[in-house]
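Here the structure comes first, spelled out in C-alpha cells, and everything after it is commentary.
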Amino acid sequence: MKNTNVEYAPQLVALSRTELLAKISAQLSAGRFAHVQRVEQTAIELAQKYGVDVQRAGLAGLVHDYAKQRSDSEFKQIIRQQQFDPDLLTANNGIWHGVVGAYLIERELGIHDQQILNAVRRHTVGAVEMTDLDQLIFVADFIEPGRDFPGVDQARAAAAESLIAGVRFEVSHTLKFLLAKQVKIYPKTIDTYNAWVAQKK
Ligand SMILES: [Fe+2]
Ligand SMILES: [Fe+2]
C-alpha cells in the first residue's frame, strides 16, 4: 500500500494530519486504525479514478469508523439527548457508528462538511439516494486491501467497472450474507437493496 500523507484543507478540518491521526488512533484498536487508513487510501484512489473530490473522499475514509468502538450505552445516551429517531434505539453498533458516529466526528474532530458527514452516515447500510462520495466510501470500506472474504475479488472488479456496480454488488452480497446468518435485517438495508439492486437504477 502506498503511504498516504495527505494534509487536509483547513476548511474541511482544522486539525493537522498528525493531530487528526492522534485523535483517531486514541479511539481505535491498532487493527481498526490500520483499516481506516487503508480505506482512506482506497477512497483517494477511487476518487482519482472517478473524478470525485479527493480531499473529501480521503478524509471521509479516514474518519468513517471513528465511533465504531464507543459503548452501546454512549450511543443510546446520544440518541436520546440529541433527539435522533427513537427507532434507532432498537438498532446496534453496526448502524450507530455511522449515523450517530457522524455527530461525534463533527463534535470531536471539528469536521462540519455535510458531504463528508453524510458519507459517514450512509457507509453502514447505504441509502436510497447516495451521492458519488457516499457510494465511494461505502465501496472503499468494502474492498480496501485488507478485506478478505469470499467474493471480495468480484467486489473489487465491480468497483473497477463503476461506483454504481460496486454499490450494487456490495448491497446484494451483504443482504445474502445477512439472510444466510438469519439475523435481523435493519429496514434501511432493504430500502437500499430495493433502490440499488431490485430496480437496477
Ligand atoms: Fe463502519
Ligand atoms: Fe470500516
Side-chain angles (χ1 to χ4, degrees), residues 1 4 6 20-21 23-47 52 56-72 74-76 78-79 84 88 91-109 111 113 115-127 130-152 155-156 158-159 163 166-167 169-175 177-178 181 183-189 191-193 196:
M1 189 179 74
T4 309
V6 184
L20 187 58
L21 290 179
K23 283 195 173 240
I24 296 168
S25 70
Q27 294 293 330
L28 302 178
S29 66
R32 185 161 282 115
F33 183 53
H35 161 69
V36 299
Q37 292 175 276
R38 290 191 300 266
V39 174
E40 178 189 31
Q41 179 64 42
T42 304
I44 289 169
E45 290 166 11
L46 287 172
V52 177
R56 286 191 169 93
L59 186 53
L62 185 60
V63 302
H64 80 285
D65 275 344
Y66 173 73
K68 179 89 178 174
Q69 289 173 231
R70 300 300 172 98
S71 68
D72 288 2
E74 181 172 354
F75 279 123
K76 285 181 180 172
I78 295 168
I79 291 163
F84 281 92
L88 270 175
N92 56 42
N93 176 284
I95 308 295
W96 293 332
H97 82 275
V99 179
V100 186
Y103 165 82
L104 290 166
I105 288 163
E106 180 163 25
R107 197 182 64 173
E108 298 178 10
L109 301 179
I111 296 172
D113 184 87
Q115 295 175 51
I116 292 174
L117 296 176
N118 279 333
V120 171
R121 288 186 183 105
R122 295 171 185 158
H123 90 268
T124 56
V125 295
M130 294 170 84
T131 65
D132 286 354
L133 182 65
D134 298 340
Q135 295 171 41
L136 188 152
I137 297 302
F138 187 71
V139 169
D141 187 23
F142 198 59
I143 64 161
E144 60 93 343
R147 295 289 193 195
D148 184 17
F149 56 84
V152 73
R156 290 185 179 125
L163 287 176
V167 171
F169 181 88
E170 179 175 347
V171 170
S172 312
H173 186 278
T174 303
L175 189 57
F177 173 79
L178 294 171
K181 283 212 302 183
V183 294
K184 185 176 162 189
I185 295 173
Y186 189 63
K188 284 210 163 66
T189 302
D191 294 343
T192 303
Y193 173 84
W196 287 88

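Start at 1 and go down the list; that is how both ligands and their atoms are numbered.
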Drop me the distance from Leu133's CG to Gln115's CD, to the nearest 0.5 angstrom. 6.5 Å
Closest N/O/S atom of Asp65 to the Fe ion (ligand 1), by atom name? OD1
NE2 (His97) to the Fe ion (ligand 1) to NE2 (His123): angle, nearest 10 degrees? 90°
Looking at Glu170 and Arg147, is any side-chain nitrogen of the basic one under 4.0 Å from a carboxylate oxygen of the acidic one? no
Would you say the side chain of Val52 lies within less than 4.5 Å of the side chain of Leu46, judging by non-hydrogen atoms? no
Have a look at the Fe ion (ligand 2) and estimate, to 10 degrees, the angle subtended by NE2 (His64) and NE2 (His35). 100°
Report the atom name of the nearest N/O/S atom of Asp141 relative to the Fe ion (ligand 2). OD1
Could you tell me whether Asp134 and Arg121 have a side-chain N and a carboxylate O separated by less than 4.0 Å? no
